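What you see is a predicted model; the values in this text were computed from it and never measured. Naming: A, B, ... by sequence-line order, numbering from 1 per chain.
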Protein chains: 2
Amino acid sequence: MLDGCDFLKEMDKESSNSFLSLFKEENWSKNTCILNHEKLNYKFHIILSGRVKMYQVDPFTGKELTLFLLIKGDVFDIFCLLDEQEHTVYYECLDDVTVLSTPMPKLRSWLKNNPKNYKILLPYAGKQLRMLENSVSDMTFTNISTRLLKLLIRNVNANSRDLELIDDLPNKEIANLLGSTRAVINRHLQKLKKKGSIRLSRNRMEIKDLGILIHLLECQKKIMNEK
Amino acid sequence: MLDGCDFLKEMDKESSNSFLSLFKEENWSKNTCILNHEKLNYKFHIILSGRVKMYQVDPFTGKELTLFLLIKGDVFDIFCLLDEQEHTVYYECLDDVTVLSTPMPKLRSWLKNNPKNYKILLPYAGKQLRMLENSVSDMTFTNISTRLLKLLIRNVNANSRDLELIDDLPNKEIANLLGSTRAVINRHLQKLKKKGSIRLSRNRMEIKDLGILIHLLECQKKIMNEK
DNA sequence: ATACTGTTTCTACTTAAGTAGCACATATTA
DNA sequence: TAATATGTGCTACTTAAGTAGAAACAGTAT
């Protein structure tokens, strides 16, 4: 059930048993939102199935930015767990979701009593740090069409060659993932479609020719290089 | 010497003594670069004095992005310490710098033997996460002139009312901090100068009227709100 | 079946930011 | 002191991305 959870793999058997006994399973239906950020300090969750987007909303324009698309094995809110500060961020279920939940104080006191397990947090925190760092550098170094190409390629399943995780999202959600707007994303998607690399329909994107996408990404790099 | 170091404040007396005995002092002169990222996995540093910028360089355009301006109490490389992965990032001393240094493996084994001290890493990791998250949302929600205003205001000393930390940087370095270019930053700085809010000279920025800066920031918000 | 909502596809327009280049000023050092 | 490098201030130009709005379409609910 929790195989492949980065969070647990460093833990020994007895620790992971006592750790898991802290939690109880919860089911949230699609589109459920966790809006109250104070509550993030009250509960801690591990995702068993389904997608949860972590996002921010600009209070002045209402524009949205999806910071992470959390899936099985991801946890939240790691920010609060690390430094016990409030975290102004929202969560929304993109599918029906199953999570393991526990009150934050319960988890904190368990960690205090089992201090060697503090270290299980470290690689996960590192992974998040690297993802954010990567977002920052992508946003300063590359334009939106390149970021879109990267997003698509990154989410192609190596075996099936199919687009995963983001294949059923509307243009608006893709835009939120890249920090752009629906109109701009659609403009770039239409170009990719015209080149025969993707297929588009309502709430559905499919890879038609991964080779073209990879080639286009290479070209972008070359263009930047020539400048 | 290490008063106000976030990194140590959670540690008990005996831990911090044995912790500090791992390190030895090093002095690096201004403009020293740490280019070899493999080495980041070999050594770990705590800054005692001077500024160190952590930055990335786009391999295709040569454009730079300063991710963090590290000062007294900051450490590096926390990314490597957390997840033991390589970290493609550069460091450069903006001043003569004094650090405490230790081999990474030595620190790792000390932590292994003193597992309760794993937790001292957590709030620092949280702080870095929040700073990066903040960069990402600033970059998607606000334009460069607003980000410049925020940068200036954030670095005004509350008591002296003077600009600190970034007051002696050339326009190019300010641009790197915001992920922009010298020409654009200078354009915005000239506007602020014309409004009488700052004074500019070679490698020097001074606050002339903080009130104007704060007012301009408020106006930016209002403009975004009306859209 | 109908109305309603969300999504896609397009066109036309606006604007902030990036780019290029140059004159001039200020440091550094040879 | 001359020569060189670095930083500033400014102009003119280009372009990617944001903005606005409308038509057509696809699902859902009544």
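We find that CZ of R147(B) is positioned 14 Å from P of dA16(C), with the value rounded to whole Å. Atom NZ in K63(B) sits about 11 Å away from atom C1' in dT19(C), given to the nearest Å. The NZ atom of K194(A) sits 9 Å away from the C1' atom of dC10(C) (whole-angstrom rounding). Atoms CG (L189(B)) and P (dC10(D)) sit 12 Å apart, rounded to a whole Å. At whole-Å resolution of the value, CG in D168(B) and C1' in dA27(C) are 15 Å apart. What separates CG of L169(B) from P of dT6(D) is a distance of 17 Å, to the nearest Å. As a whole-Å value, the separation of I166(B) CD1 from dG7(D) P is 16 Å. One can place CE of M139(A) at 19 Å from P of dA16(C), the figure rounded to the nearest angstrom.
Nearest heavy-atom pair across R51(B) and V97(B) is O-CG2, 3.6 Å.
Taking the six-membered ring for Trp and thresholds of 30 and 60 degrees, W28(A) and H45(A) have ring planes more than 60 degrees apart, a perpendicular arrangement.
When the nucleotides dG18(C), dA17(C), dC10(C) are ranked by their closest atom to the side chain of N186(A), dC10(C) comes out on top. Candidate nucleotides dA16(D), dG18(C), dG9(D) were compared by shortest atom distance to the side chain of I144(B), and dG18(C) ranks first. Ranking dG9(D), dA12(D), dT19(D) by closeness to the R187(A) side chain, first place goes to dT19(D). Side-chain proximity of L200(B) to the nucleotides dG9(D), dT8(C), dG18(C) is greatest for dG9(D). You'll find that the side chain of R202(A) is closest to dA26(D), out of dA26(D), dA16(D), dT19(C). Checked against dG18(C), dA17(D), dT7(C), the side chain of N143(A) finds its nearest nucleotide in dA17(D). Distance from the side chain of Q190(A) is smallest to dT9(C) among dT9(C), dT19(D), dG9(D). Here the side chain of T181(A) is nearest to one of dT7(C), dT19(C), dG18(D), namely dG18(D). Listed nucleotides: dT7(C), dT9(C), dT8(D). Nearest to the side chain of N171(B): dT8(D).
S180(B) has a side-chain polar atom (N or O) that falls below the 4.0 Å cut-off from OP1 or OP2 of dG18(C). At the phosphate of dA16(C), neither OP1 nor OP2 sits under 4.0 Å from any side-chain N or O atom of H188(B). Applying the 4.0 Å criterion to OP1 and OP2 of dT9(C), one finds that K193(A) has a side-chain N or O inside that range.
Listed for the Y124(B) side chain is a donor-acceptor partner under 3.5 Å among the backbone atoms of V75(B). Between the side chain of Q56(A) and the main chain of T88(A), a donor-acceptor pair closer than 3.5 Å is present.
Cation-pi contact between K53(A) and Y55(A): present, with separation from the ring centre below 6.0 Å and deviation from the ring axis of at most 45°.
Here CE of M205(B) is found 4.5 Å from CD1 of I166(B). Values are rounded to the nearest 0.5 Å.
For R182(A) against dG18(D), no side-chain N or O and base N or O form a donor-acceptor pair under 3.5 Å.
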